[in-house]
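Following: one structure in C-alpha coordinates, then a few remarks.
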Amino acid sequence: MYSPSKHINPTGFDTPQLIDNYGRIITYLRLAITDRCNLRCSYCMPEHGVETVSHGETLSYEELERLVRLFLQMGIEKIRITGGEPFVRRGCMDFLERLKHDLGVTQLVVTTNGVETAGYLKRLKALPISGLNLSLDTLDRERFKTITRRDRLADVLETLYGALKRGIPLKVNSVVSEETRDAEIFQLGELARDNSLSMRFIEKMPFSGEKMEDPCIDYGLVERLTNLFPGLEQVQTENGSTAKEFKVPGFRGSLGIIEGSSRNFCSTCNRVRITPQGMLKACLYDNGVLDLKKLIRAGINDETLLLKIRSCLNKRFADGHQTESANGSAGQPSMASIGG
Ligand code: SAM
(Lines give C-alpha, C1' and ligand atoms only; values in the text may rest on other atoms or scores of the structure.)
Protein backbone atom coordinates (compact mmCIF):
# COMPACT_ATOMS: atom_id res chain seq x y z
CA MET A 1 0.00 0.00 0.00
CA TYR A 2 1.06 3.57 -0.61
CA SER A 3 3.33 5.16 1.93
CA PRO A 4 4.62 8.62 0.93
CA SER A 5 7.62 8.42 3.27
CA LYS A 6 8.90 5.38 1.39
CA HIS A 7 9.89 7.20 -1.76
CA ILE A 8 9.72 10.92 -1.10
CA ASN A 9 12.00 12.90 1.15
CA PRO A 10 11.23 16.45 2.36
CA THR A 11 13.35 18.03 -0.38
CA GLY A 12 11.98 16.05 -3.28
CA PHE A 13 12.25 12.51 -4.53
CA ASP A 14 14.83 10.01 -3.38
CA THR A 15 14.48 7.45 -6.13
CA PRO A 16 15.07 7.89 -9.84
CA GLN A 17 12.01 5.77 -10.50
CA LEU A 18 8.66 7.38 -11.25
CA ILE A 19 6.23 6.23 -8.56
CA ASP A 20 2.73 7.54 -8.06
CA ASN A 21 0.87 8.24 -4.83
CA TYR A 22 -0.56 4.70 -4.81
CA GLY A 23 2.87 3.11 -5.09
CA ARG A 24 2.40 2.22 -8.76
CA ILE A 25 5.72 2.28 -10.61
CA ILE A 26 5.51 3.99 -14.00
CA THR A 27 7.60 2.15 -16.59
CA TYR A 28 5.63 2.73 -19.79
CA LEU A 29 5.29 5.92 -21.83
CA ARG A 30 2.86 6.30 -24.72
CA LEU A 31 3.80 9.10 -27.09
CA ALA A 32 1.22 10.29 -29.61
CA ILE A 33 3.30 12.07 -32.24
CA THR A 34 0.43 13.39 -34.38
CA ASP A 35 -3.35 13.73 -34.21
CA ARG A 36 -3.67 13.29 -37.99
CA CYS A 37 -4.93 10.04 -39.41
CA ASN A 38 -5.55 8.49 -42.83
CA LEU A 39 -8.66 6.63 -41.63
CA ARG A 40 -11.88 8.03 -40.14
CA CYS A 41 -13.03 5.23 -37.84
CA SER A 42 -16.53 6.05 -36.68
CA TYR A 43 -15.89 5.17 -33.02
CA CYS A 44 -12.77 7.37 -32.99
CA MET A 45 -13.71 10.55 -34.82
CA PRO A 46 -16.46 12.29 -36.80
CA GLU A 47 -16.59 11.84 -40.58
CA HIS A 48 -14.88 15.19 -41.24
CA GLY A 49 -12.02 14.21 -38.91
CA VAL A 50 -10.82 15.96 -35.78
CA GLU A 51 -9.89 19.60 -35.55
CA THR A 52 -6.19 19.06 -36.12
CA VAL A 53 -3.63 21.24 -34.42
CA SER A 54 -1.14 23.16 -36.55
CA HIS A 55 2.34 21.70 -36.99
CA GLY A 56 3.72 24.44 -34.74
CA GLU A 57 1.44 23.32 -31.90
CA THR A 58 2.62 19.72 -32.15
CA LEU A 59 5.76 18.76 -30.24
CA SER A 60 8.77 18.79 -32.57
CA TYR A 61 10.95 15.69 -32.85
CA GLU A 62 13.63 17.57 -30.91
CA GLU A 63 11.18 18.27 -28.07
CA LEU A 64 9.95 14.68 -28.12
CA GLU A 65 13.51 13.36 -27.90
CA ARG A 66 14.27 15.61 -24.94
CA LEU A 67 11.20 14.26 -23.16
CA VAL A 68 12.15 10.67 -23.97
CA ARG A 69 15.63 11.24 -22.48
CA LEU A 70 14.05 12.60 -19.28
CA PHE A 71 11.57 9.74 -18.99
CA LEU A 72 14.36 7.21 -19.55
CA GLN A 73 16.20 8.82 -16.63
CA MET A 74 13.09 8.16 -14.51
CA GLY A 75 13.12 4.46 -15.25
CA ILE A 76 10.76 4.26 -18.22
CA GLU A 77 11.43 0.92 -19.92
CA LYS A 78 8.89 0.77 -22.70
CA ILE A 79 7.92 3.49 -25.18
CA ARG A 80 4.99 3.23 -27.55
CA ILE A 81 4.74 5.55 -30.54
CA THR A 82 1.17 6.16 -31.54
CA GLY A 83 -1.09 8.86 -32.97
CA GLY A 84 -3.32 9.73 -34.92
CA GLU A 85 -1.50 7.53 -37.36
CA PRO A 86 2.23 7.78 -36.56
CA PHE A 87 3.35 7.00 -40.12
CA VAL A 88 1.46 9.97 -41.58
CA ARG A 89 3.88 12.25 -39.76
CA ARG A 90 6.86 12.95 -42.00
CA GLY A 91 10.10 11.60 -40.53
CA CYS A 92 8.43 9.06 -38.21
CA MET A 93 10.70 6.20 -39.26
CA ASP A 94 13.87 8.30 -38.80
CA PHE A 95 12.57 9.31 -35.38
CA LEU A 96 12.09 5.67 -34.42
CA GLU A 97 15.65 4.93 -35.51
CA ARG A 98 17.00 7.79 -33.38
CA LEU A 99 15.02 6.60 -30.35
CA LYS A 100 16.47 3.16 -30.70
CA HIS A 101 20.05 3.88 -31.79
CA ASP A 102 20.85 7.31 -30.29
CA LEU A 103 18.69 7.34 -27.15
CA GLY A 104 18.92 3.63 -26.41
CA VAL A 105 15.22 2.88 -25.90
CA THR A 106 15.19 -0.84 -25.18
CA GLN A 107 11.52 -1.66 -25.66
CA LEU A 108 10.23 0.40 -28.57
CA VAL A 109 6.77 -0.43 -29.88
CA VAL A 110 4.41 1.17 -32.38
CA THR A 111 0.63 1.26 -32.76
CA THR A 112 -0.49 1.66 -36.35
CA ASN A 113 -3.53 1.17 -38.55
CA GLY A 114 -1.25 -0.47 -41.12
CA VAL A 115 -2.47 1.61 -44.05
CA GLU A 116 0.99 2.91 -44.97
CA THR A 117 3.13 0.71 -42.76
CA ALA A 118 4.04 -2.12 -45.13
CA GLY A 119 6.77 -0.01 -46.77
CA TYR A 120 8.50 0.47 -43.39
CA LEU A 121 8.50 -3.15 -42.22
CA LYS A 122 12.06 -3.82 -43.36
CA ARG A 123 13.40 -0.89 -41.36
CA LEU A 124 11.18 -1.75 -38.38
CA LYS A 125 12.54 -5.28 -38.34
CA ALA A 126 16.11 -3.96 -38.60
CA LEU A 127 15.67 -1.65 -35.55
CA PRO A 128 14.57 -4.12 -34.14
CA ILE A 129 11.10 -3.04 -33.11
CA SER A 130 9.91 -4.89 -29.99
CA GLY A 131 6.38 -5.16 -31.27
CA LEU A 132 3.77 -3.83 -33.62
CA ASN A 133 0.16 -3.28 -32.58
CA LEU A 134 -2.03 -3.32 -35.65
CA SER A 135 -5.60 -2.04 -35.52
CA LEU A 136 -8.04 -4.09 -37.55
CA ASP A 137 -11.73 -4.41 -36.77
CA THR A 138 -12.94 -6.68 -39.54
CA LEU A 139 -11.76 -8.89 -42.40
CA ASP A 140 -14.68 -7.91 -44.57
CA ARG A 141 -13.93 -5.20 -47.14
CA GLU A 142 -17.39 -3.62 -47.06
CA ARG A 143 -17.51 -3.56 -43.25
CA PHE A 144 -14.00 -2.11 -43.22
CA LYS A 145 -15.18 0.69 -45.53
CA THR A 146 -18.17 1.37 -43.30
CA ILE A 147 -16.15 1.44 -40.08
CA THR A 148 -13.12 3.39 -41.32
CA ARG A 149 -14.84 5.37 -44.12
CA ARG A 150 -11.91 4.37 -46.35
CA ASP A 151 -11.30 1.42 -48.73
CA ARG A 152 -7.89 0.34 -47.43
CA LEU A 153 -8.31 -3.20 -46.08
CA ALA A 154 -5.89 -4.64 -48.64
CA ASP A 155 -3.11 -2.30 -47.45
CA VAL A 156 -3.68 -3.26 -43.82
CA LEU A 157 -3.56 -6.97 -44.68
CA GLU A 158 -0.30 -6.40 -46.56
CA THR A 159 1.15 -4.97 -43.33
CA LEU A 160 -0.27 -7.83 -41.26
CA TYR A 161 1.15 -10.63 -43.39
CA GLY A 162 4.37 -8.70 -44.09
CA ALA A 163 5.00 -8.31 -40.35
CA LEU A 164 4.30 -12.00 -39.76
CA LYS A 165 6.64 -12.99 -42.59
CA ARG A 166 9.43 -10.92 -41.07
CA GLY A 167 8.84 -12.31 -37.58
CA ILE A 168 7.88 -8.95 -36.06
CA PRO A 169 5.96 -9.61 -32.81
CA LEU A 170 2.39 -8.72 -33.67
CA LYS A 171 -0.74 -7.84 -31.72
CA VAL A 172 -3.92 -7.18 -33.66
CA ASN A 173 -6.35 -4.86 -31.87
CA SER A 174 -9.99 -4.91 -32.79
CA VAL A 175 -12.59 -2.54 -31.35
CA VAL A 176 -15.86 -4.24 -30.46
CA SER A 177 -18.91 -2.01 -30.74
CA GLU A 178 -22.67 -2.55 -30.70
CA GLU A 179 -22.50 -3.53 -34.40
CA THR A 180 -19.84 -6.24 -33.98
CA ARG A 181 -21.35 -9.66 -34.62
CA ASP A 182 -20.08 -12.95 -33.20
CA ALA A 183 -19.27 -14.17 -36.71
CA GLU A 184 -16.85 -11.28 -37.10
CA ILE A 185 -15.20 -11.97 -33.76
CA PHE A 186 -14.86 -15.62 -34.77
CA GLN A 187 -13.26 -14.75 -38.11
CA LEU A 188 -10.75 -12.42 -36.46
CA GLY A 189 -10.09 -15.00 -33.75
CA GLU A 190 -9.13 -17.47 -36.45
CA LEU A 191 -6.15 -15.24 -37.27
CA ALA A 192 -4.69 -16.43 -33.97
CA ARG A 193 -5.47 -20.03 -34.85
CA ASP A 194 -3.41 -19.87 -38.02
CA ASN A 195 -0.71 -17.39 -37.06
CA SER A 196 1.60 -16.63 -34.20
CA LEU A 197 -0.02 -13.38 -33.08
CA SER A 198 -2.11 -12.01 -30.28
CA MET A 199 -5.66 -11.15 -31.34
CA ARG A 200 -7.16 -8.68 -28.88
CA PHE A 201 -10.72 -7.41 -28.65
CA ILE A 202 -11.14 -3.92 -27.19
CA GLU A 203 -14.32 -2.61 -25.63
CA LYS A 204 -15.37 0.56 -27.39
CA MET A 205 -14.65 3.52 -25.13
CA PRO A 206 -16.22 6.98 -25.02
CA PHE A 207 -13.57 8.70 -27.15
CA SER A 208 -15.20 9.41 -30.50
CA GLY A 209 -14.81 13.18 -30.53
CA GLU A 210 -18.58 13.37 -30.11
CA LYS A 211 -20.94 13.06 -27.18
CA MET A 212 -21.90 9.43 -26.55
CA GLU A 213 -25.29 8.65 -25.06
CA ASP A 214 -24.38 5.50 -23.18
CA PRO A 215 -20.62 5.30 -22.98
CA CYS A 216 -20.36 2.28 -20.63
CA ILE A 217 -21.67 -0.77 -22.43
CA ASP A 218 -20.87 -4.27 -21.28
CA TYR A 219 -20.09 -6.22 -24.44
CA GLY A 220 -19.90 -9.54 -22.54
CA LEU A 221 -16.63 -10.34 -24.24
CA VAL A 222 -15.47 -13.14 -21.96
CA GLU A 223 -18.75 -15.01 -22.41
CA ARG A 224 -18.74 -14.47 -26.16
CA LEU A 225 -15.18 -15.75 -26.58
CA THR A 226 -15.92 -18.69 -24.28
CA ASN A 227 -18.87 -19.68 -26.47
CA LEU A 228 -17.06 -19.15 -29.75
CA PHE A 229 -13.78 -20.86 -28.87
CA PRO A 230 -14.20 -24.15 -26.97
CA GLY A 231 -11.43 -24.83 -24.46
CA LEU A 232 -10.63 -21.13 -24.04
CA GLU A 233 -8.48 -20.74 -20.95
CA GLN A 234 -7.23 -17.57 -19.30
CA VAL A 235 -3.47 -17.29 -18.83
CA GLN A 236 -1.35 -15.04 -16.62
CA THR A 237 -0.38 -11.68 -18.15
CA GLU A 238 2.54 -9.43 -17.29
CA ASN A 239 1.97 -6.87 -14.53
CA GLY A 240 0.45 -3.63 -15.80
CA SER A 241 -1.14 -5.30 -18.80
CA THR A 242 -4.56 -3.95 -19.73
CA ALA A 243 -5.43 -7.20 -21.50
CA LYS A 244 -6.85 -10.48 -20.25
CA GLU A 245 -5.13 -13.16 -22.29
CA PHE A 246 -6.44 -16.57 -23.32
CA LYS A 247 -5.09 -19.70 -24.94
CA VAL A 248 -7.22 -21.91 -27.15
CA PRO A 249 -6.30 -25.54 -27.87
CA GLY A 250 -4.75 -25.85 -31.32
CA PHE A 251 -4.14 -22.11 -31.75
CA ARG A 252 -0.67 -20.86 -32.69
CA GLY A 253 -1.39 -17.45 -31.18
CA SER A 254 -3.52 -16.16 -28.32
CA LEU A 255 -6.73 -14.22 -27.81
CA GLY A 256 -7.16 -11.22 -25.55
CA ILE A 257 -9.69 -8.79 -24.19
CA ILE A 258 -9.10 -5.18 -23.22
CA GLU A 259 -11.85 -3.94 -20.94
CA GLY A 260 -11.16 -0.27 -21.47
CA SER A 261 -14.71 0.73 -20.76
CA SER A 262 -14.98 -1.33 -17.56
CA ARG A 263 -11.50 -0.23 -16.42
CA ASN A 264 -10.66 -3.37 -14.47
CA PHE A 265 -6.90 -2.88 -14.59
CA CYS A 266 -6.22 0.51 -12.98
CA SER A 267 -4.71 -0.91 -9.78
CA THR A 268 -1.65 -2.04 -11.72
CA CYS A 269 -1.46 0.90 -14.13
CA ASN A 270 2.17 1.53 -15.09
CA ARG A 271 1.66 4.03 -17.91
CA VAL A 272 1.58 7.70 -18.74
CA ARG A 273 0.73 9.43 -21.99
CA ILE A 274 1.88 12.52 -23.85
CA THR A 275 -0.48 13.99 -26.43
CA PRO A 276 0.67 15.47 -29.76
CA GLN A 277 0.31 18.95 -28.24
CA GLY A 278 2.54 17.99 -25.35
CA MET A 279 0.02 17.49 -22.54
CA LEU A 280 1.05 14.93 -19.97
CA LYS A 281 -1.82 12.59 -19.14
CA ALA A 282 -1.64 10.63 -15.89
CA CYS A 283 -4.76 8.68 -16.89
CA LEU A 284 -6.62 8.10 -20.16
CA TYR A 285 -9.63 9.75 -18.55
CA ASP A 286 -7.98 12.99 -17.40
CA ASN A 287 -7.83 16.24 -19.35
CA GLY A 288 -4.06 16.52 -19.15
CA VAL A 289 -2.19 17.22 -15.93
CA LEU A 290 0.84 19.18 -17.18
CA ASP A 291 1.45 21.33 -20.25
CA LEU A 292 4.93 20.08 -21.15
CA LYS A 293 5.08 22.03 -24.41
CA LYS A 294 4.39 25.33 -22.66
CA LEU A 295 7.09 24.66 -20.07
CA ILE A 296 9.63 23.54 -22.68
CA ARG A 297 8.97 26.54 -24.91
CA ALA A 298 9.26 28.84 -21.89
CA GLY A 299 12.79 27.52 -21.42
CA ILE A 300 12.42 25.28 -18.36
CA ASN A 301 15.57 23.35 -17.38
CA ASP A 302 15.63 19.55 -17.13
CA GLU A 303 15.86 19.44 -13.35
CA THR A 304 12.75 21.57 -12.80
CA LEU A 305 10.84 19.74 -15.51
CA LEU A 306 11.62 16.39 -13.88
CA LEU A 307 10.34 17.67 -10.55
CA LYS A 308 7.13 18.95 -12.11
CA ILE A 309 6.47 15.62 -13.84
CA ARG A 310 7.08 13.69 -10.62
CA SER A 311 4.87 16.03 -8.68
CA CYS A 312 1.96 15.51 -11.12
CA LEU A 313 2.30 11.76 -10.96
CA ASN A 314 2.12 12.04 -7.20
CA LYS A 315 -1.46 13.32 -7.42
CA ARG A 316 -3.06 10.53 -9.41
CA PHE A 317 -6.52 9.13 -8.83
CA ALA A 318 -6.94 5.48 -7.87
CA ASP A 319 -8.70 4.59 -11.11
CA GLY A 320 -10.23 5.82 -14.35
CA HIS A 321 -13.71 6.10 -12.86
CA GLN A 322 -12.54 8.54 -10.18
CA THR A 323 -10.52 10.45 -12.76
CA GLU A 324 -13.53 10.73 -15.05
CA SER A 325 -15.79 11.97 -12.22
CA ALA A 326 -13.22 14.59 -11.29
CA ASN A 327 -12.82 15.76 -14.90
CA GLY A 328 -16.41 15.69 -16.07
CA SER A 329 -16.39 15.81 -19.84
CA ALA A 330 -13.10 13.95 -20.39
CA GLY A 331 -14.91 11.31 -22.39
CA GLN A 332 -15.50 13.37 -25.51
CA PRO A 333 -12.16 13.93 -27.28
CA SER A 334 -11.17 11.71 -30.16
CA MET A 335 -8.82 8.85 -29.37
CA ALA A 336 -6.70 10.23 -32.24
CA SER A 337 -5.78 13.20 -30.07
CA ILE A 338 -4.77 10.92 -27.19
CA GLY A 339 -3.13 7.96 -28.87
CA GLY A 340 -5.27 5.12 -27.55
N1 SAM B 1 -3.70 5.11 -35.89
C2 SAM B 1 -3.16 4.14 -35.01
C3 SAM B 1 -4.04 2.92 -34.98
O4 SAM B 1 -5.11 2.93 -35.59
O5 SAM B 1 -3.64 1.92 -34.38
C6 SAM B 1 -2.85 4.62 -33.61
C7 SAM B 1 -3.84 5.50 -32.92
S8 SAM B 1 -5.41 4.80 -32.58
C9 SAM B 1 -6.21 6.13 -31.80
C10 SAM B 1 -5.02 3.68 -31.29
C11 SAM B 1 -6.08 2.66 -30.98
O12 SAM B 1 -7.19 3.28 -30.37
C13 SAM B 1 -6.59 1.88 -32.17
O14 SAM B 1 -6.46 0.50 -31.92
C15 SAM B 1 -8.05 2.26 -32.22
O16 SAM B 1 -8.84 1.23 -32.70
C17 SAM B 1 -8.33 2.56 -30.77
N18 SAM B 1 -9.52 3.38 -30.55
C19 SAM B 1 -9.87 4.53 -31.16
N20 SAM B 1 -11.04 4.97 -30.71
C21 SAM B 1 -11.46 4.09 -29.78
C22 SAM B 1 -12.60 3.99 -28.97
N23 SAM B 1 -13.57 4.90 -29.00
N24 SAM B 1 -12.69 2.94 -28.12
C25 SAM B 1 -11.73 2.00 -28.07
N26 SAM B 1 -10.62 2.04 -28.81
C27 SAM B 1 -10.49 3.06 -29.67
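In listed order, ligands and their atoms are each counted from 1. Below, all heavy atoms of this structure are taken into account, side chains as well, without hydrogens, waters or symmetry copies.
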With a 4.5 Å heavy-atom cut-off, do Leu134 and Asn173 have their side chains touching? no

Flag Met335 as yes when one of its N or O atoms lies below 3.5 Å from any N or O atom of ligand 1, and as no otherwise. no

Given Glu63, Glu57, Gln277, the one that forms side chain to side chain donor-acceptor pair (under 3.5 Å) with Lys293: Glu57

Decide yes or no on ring pair (Phe, Tyr, Trp, His ring centres under 6.0 Å) for Phe229 and Phe251, but give the supporting numbers first. CA-CA 10 Å; Phe229 301 101; Phe251 275 40; 5.7 Å; yes

Considering only heavy atoms, which of Cys37, Cys44, Gly84, Ala32 lies nearest to atom 1 (N) of ligand 1? Gly84

Contact check, side chains of Arg150 and Arg40, non-hydrogen atoms, under 4.5 Å: yes

Shortest non-hydrogen contact from Met74 toward Ile309: CE-CG2, 3.9 Å

Non-hydrogen atoms of Cys266 and Gly320 that approach each other most closely: SG-N, 3.4 Å

Heavy-atom distances under 4.0 Å are what count here, so tell me which part of Thr112 touches ligand 1: side chain, backbone, both or neither. backbone

Kindly indicate, with the supporting measurements, whether the criterion ring pair (Phe, Tyr, Trp, His ring centres under 6.0 Å) is fulfilled by Phe207 and Tyr285. CA-CA 10 Å; Phe207 293 96; Tyr285 288 85; 5.2 Å; yes

Nitrogen or oxygen atoms of Tyr43 and ligand 1 under 3.5 Å apart: yes

Are any of the N or O atoms of Asn173 closer than 3.5 Å to those of ligand 1? no

What atoms of ligand 1 come closer than 4.0 angstrom to any heavy atom of Thr82? 6 (C), 7 (C)

Pull out every atom of ligand 1 sitting under 4.0 Å from any heavy atom of Glu203, numbered as shown with elements. 25 (C)

Proximal candidate to atom 15 (C) of ligand 1 [heavy atom criterion; set Ser337, Gly339, Ser135]: Ser135

Proximity flag Met45 to ligand 1, non-hydrogen atoms under 4.0 Å: no

Roughly how far, to the nearest 0.5 Å, is CG of Leu64 from CG of Leu59? 5.0 Å

Near Glu85 (heavy-atom distance under 4.0 Å), the atoms of ligand 1 are 1 (N), 2 (C)

Thr237 and Glu245: side chain to side chain donor-acceptor pair (under 3.5 Å), yes or no, with the steps? CA-CA 6 Å; Thr237 41; Glu245 208 178 313; 6.0 Å; no

Should the proximity of Thr111 to ligand 1, defined as any heavy atom under 4.0 Å, be assigned to the side chain, the backbone, both, or neither? both

Heteroatom distance test (Met205, ligand 1): nitrogen or oxygen, under 3.5 angstrom: yes

Heavy-atom distances under 4.0 Å are what count here, so tell me which part of Asn113 touches ligand 1: side chain, backbone, both or neither. both

